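One structure below.
Because only heavy atoms are used, hydrogens play no part in the values below, and waters and symmetry mates are left out as well, while side chains stay in. Everything numeric in this text was worked out from a predicted model, so none of it was measured.
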Amino acid sequence: MPKQVRAFFSMAVSSEIGDGANTLLWTDRWLHGQCIADLAPRLFAAIPKRRVKQLTVWDALPNRAWILDIQGALTVGGFVDYFHLWDLLLDFQL
């Protein structure tokens, strides 16, 4: 799928979370109508591609398991995104 078509599609679609078992943490639009890739792009850059396509909200939120996906050293901007995401997910309930 061309990049422009994918971008348009992702803007027009959001996910209903339910229990989070079918919602991808990093790329689905489940958090305030946005995806984490857009909310925290510098942090998202530190997530391995294979994990982006695997980790669900159901698996990520308990015990903050999403943190284990972060690989390598973060930039200052990456840390800013990390703390922003931490705040957004702190009290999130499925």
Side-chain angles (χ1 to χ4, degrees):
M1 180 181 312
K3 187 175 181 179
Q4 292 173 328
V5 172
R6 187 178 20 233
F8 177 76
F9 182 77
S10 70
M11 291 177 71
V13 175
S14 63
S15 294
E16 184 174 311
I17 300 170
D19 66 2
N22 296 310
T23 303
L24 293 175
L25 177 83
W26 299 108
T27 56
D28 285 345
R29 297 167 48 90
W30 66 274
L31 189 58
H32 303 297
Q34 295 183 292
C35 66
I36 293 176
D38 293 336
L39 289 170
R42 297 164 294 195
L43 178 64
F44 180 74
I47 310 303
K49 299 279 189 248
R50 65 177 169 67
R51 290 301 294 163
V52 166
K53 298 176 183 179
Q54 293 175 346
L55 188 66
T56 65
V57 174
W58 170 263
D59 293 324
L61 294 186
N63 300 315
R64 295 178 180 77
W66 60 272
I67 296 169
L68 300 174
D69 278 3
I70 302 168
Q71 300 291 309
L74 292 178
T75 63
V76 171
F79 277 108
V80 170
D81 284 356
Y82 171 84
F83 289 118
H84 176 66
L85 185 58
W86 179 280
D87 285 341
L88 290 172
L89 298 179
L90 185 62
D91 295 319
F92 191 88
Q93 298 291 320
L94 292 174

Handout entry: Output field: ring centroids F79/W86 closer than 6.0 Å
Key =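 No, the ring of F79 stays outside the 6.0 Å limit from the ring of W86, centre to centre.
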Do [X] and [Y] share a hydrophobic cluster, counting only Ile, Leu, Val, Met, Phe, Trp and Tyr and linking them when any side-chain heavy atoms are less than 4.5 Å apart?
X: L90; Y: L85; result: yes
X: L88; Y: I67; result: yes
X: F92; Y: W58; result: yes
X: L39; Y: F83; result: yes

Problem - Gap between atom OH of Y82 and atom CG of L74 - 0.5 Å precision - result: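 One gets 9.0 Å once the value is rounded to the nearest 0.5 Å.
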Practice task
To the nearest 0.5 Å, tell me how far D19 CG sits from T56 OG1.
Solution key: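 Result: 8.5 Å between the selected atoms.
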Practice task
Verify, without hydrogens or angle tests, whether W30 (side chain) and L25 (backbone) share a donor-acceptor contact under 3.5 angstrom.
Solution key: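 Here the side-chain-to-backbone pair exists.
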Exercise for the section: Report yes or no: does D28 contribute a side-chain atom to a donor-acceptor pair with the main-chain N or O of T23 at less than 3.5 Å? Expected result: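 Absent.
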Problem - Crowding at CG, D87 (>12 non-hydrogen neighbours, <6.0 Å) - result: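 Yes, enclosed.
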Handout entry: Minimal non-hydrogen separation, D59 against A65, with atom names
Key =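 Here D59 and A65 meet closest at O-CB, 3.5 Å.
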Using atom types as modelled, flag every donor-acceptor pair under 3.5 Å from a side chain in residues 46-55 to any protein atom, sequence neighbours excluded.
from : atom 1 : to  : atom 2 : distance (Å)
R51  : NE     : D69 : OD1    : 2.8
R51  : NH1    : Q54 : OE1    : 3.2
R51  : NH2    : D69 : OD1    : 3.3

Problem - Beyond-backbone contact of L43 with I36, side-chain heavy atoms, under 4.5 angstrom - result: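 Result no, sub-4.5 Å side-chain heavy-atom pair not found.
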Problem - Residues that R64 engages under salt bridge (Lys or Arg N to Asp or Glu O under 4.0 Å), provided they are two or more places apart - result: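 Residues passing salt bridge (Lys or Arg N to Asp or Glu O under 4.0 Å) with R64: none at all.
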Exercise for the section: Over 60° means perpendicular and under 30° means parallel, so classify the ring planes of W66 and W26, tilted if in between. Expected result: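 Perpendicular.
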